[in-house]
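Since the structure comes first, as structure tokens, the remarks are kept for the end.
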Amino acid sequence: MEKKQKDQYYSMPFPDLVRLCQQDDQFALDILIKRNEKIVYNTLYHLDPNRPDLSDLTQEVLFRMARSIKKLRNPDTFKYWLNQIITNLFYDELRRKTRRLPTVSIDEPISEQDYASVVTREIPDIGQIPEESILGSELDEKIKEAIQKLPEQFRIVIVLRELQGLSYDEIAKITKTSIGTVKSRLARARNKLQEHIRPYLQ
Amino acid sequence: MEDHICEEIKALIPDFHDGEIKDKELYDKISRHLKVCKDCRAELEQLIELSKIVKKYFNVEEIDNSYKYNTEFLMYNPDEIQYCNNVRDKISAYIDNELLEQDRLIVEKHLKNCKICYRDYENLKLTSQIVQKYFDKINFSEANVSSRVIERLNKYKTERIAISIAVATVLGVALFHFIFISNFKFELNDKSFKTKTGQQSNEQNPEETEKILPGLSF
Ligand SMILES: [Zn+2]
Ligand SMILES: [Zn+2]
């Protein structure tokens with residue numbers, strides 16, 4: 001295939017790429033998978049970071065996507081549709097195998113131990129400005145931890161919004177709640193994350 | 001005496017920087033002090049510098065370039081304070097442009113007039129951007145995922161075709177059976193009807209059925 005056309009496939013909006021896939025364009029399918037593998041992995045990783053088989057699950061999602069791509073009637077809803085596949089797999093497969101934590105309020109620490117690790121964490125000395133890279137990776141760790149500490153229903157909302165960029169309406173449908181619930185969960189989750197990031201912004 | 005005030009103010013500067021001082025009198029006290037005290041201003045500026053480094057690391061754009069941490073900007077606007085609680089709940093959805101038009105206008109107007117909520121807005125937006133950048137940096141280094149998925153898909157399609165052929169065959173056979181067996185049952189029914197008045201049971205005799213079936217086999 002011409003290099004020019006290849007490049008086109010890499011920059012083409014997803015709905016257009018999906019339409020080509022629906023016409024049995026094998027190359028388009030290859031690119032569609034390649035362009036989504038990272039975000040699918042990333043989503044699964046943040047929904048359940050402790051699973052050892054995230055690569056397999058990523059492959060499973062992409063397979064389900066490829067298998068039923070022709071059934072997607074409105075290609076403009078591709079992103080929403082893909083996230084339905086991800087969350088369905090998450091609910092079907094992941095939760096069956098993991099011990100369910102009791103539902104906790106976002107304002108309570110998940111366990112005593114977690115709480116202790118939060119309050120005893122050192123706040124960087126603002127007298128000296130740390131090296132950018134050290135600060136950055138430290139902050140990455142901090143954000144990762146903060147996301148993992150969020151109760152599941154808040155974590156899903158953060159992932160679907162900040163990582164996947166879905167609308168409130170789409171998130172409400174996927175999580176089977178109302179838009180109002182999505183709104184308040186997202187606001188509370190963000191405030192919670194802000195608390196964790198704050199020491200680094202001071 | 002002056003040192004004592006500075007200590008008190010310095011302790012409050014992180015909260016002040018984050019827009020977390022909600023008490024108007026205290027807020028004004030800090031603002032007034034910052035205007036006259038070079039030392040405390042330096043402390044605030046250090047925080048601002050650090051915040052800039054974080055923003056630069058995450059490649060987050062400044063929300064409003066004209067925004068400067070001057071004391072005038074940070075002054076309260078008493079007329080707007082009554083709306084603060086109402087607006088604060090909506091800031092997150094405002095960032096996502098998910099508010100109804102009328103709510104959006106209310107929030108927009110308030111943010112122009114209330115410096116405290118504006119700081120809340122800026123902090124929350126920064127948090128959102130930092131989280132997005134964090135997600136962006138996660139790597140997935142598995143090779144050949146696409147070719148494996150496509151291989152699996154092709155295998156699946158081949159299997160499906162094989163299954164379809166098998167199903168079609170079974171259906172064909174079943175249909176064939178159905179036609180002949182129903183004919184046979186009619187015969188049987190006729191037979192039992194004829195013998196109804198006799199001693200024979202109405203139930204089909206399995207042995208008899210077997211005797212006839214081999215003739216139907218194909
Ligand atoms: Zn001072
Ligand atoms: Zn306000």
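In what follows, chains carry the letters A, B, and so on, assigned in the order in which the sequence lines appear, proteins first and then strands, with residues in each chain numbered from 1.
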Segment of Ile147(A) engaging chain B (4.5 angstrom heavy-atom cut-off): side chain

Atom group of Asn191(A) that falls short of 4.5 Å from chain B, counting heavy atoms: both

Neighbour count above 12 (heavy atom, 6.0 Å) for Lys10(B) NZ: yes

Lys/Arg-Asp/Glu bridge criterion (N-O < 4.0 Å) met for Asp96(B), Arg190(A): yes

Which of Gln26(A), Lys144(A), Lys34(A) touches chain B most, by non-hydrogen pairs under 4.5 Å: Lys144(A)

Heavy-atom pair count under 4.5 Å with chain B, highest-scoring of Val182(A), Ile158(A), Leu163(A): Leu163(A)

Proximity breakdown for Ser167(A) and chain B, heavy-atom pairs closer than 4.5 Å: both

From CA spacing to verdict: side-chain hydrogen bond (donor to acceptor under 3.5 Å, both in side chains), Tyr156(B), Arg152(B): CA-CA 6 Å; Tyr156(B) 169 81; Arg152(B) 205 179 138 193; over 6 Å; no

Charged N-O contact under 4.0 Å between Arg19(A) and Asp25(A): no

Segment of Asp136(B) engaging chain A (4.5 angstrom heavy-atom cut-off): backbone

Residue Glu108(B) excluded, over 12 heavy atoms near CD under 6.0 Å: yes

Closest-packed option against chain B by number of heavy-atom pairs under 4.5 Å, given Tyr45(A), Tyr41(A), Tyr168(A): Tyr168(A)

N/O donor-acceptor pair under 3.5 Å between Arg41(B) side chain and Lys35(B) backbone: yes

Largest heavy-atom contact set with chain B, pairs under 4.5 Å, which of Gln59(A), Met65(A), Lys183(A): Gln59(A)

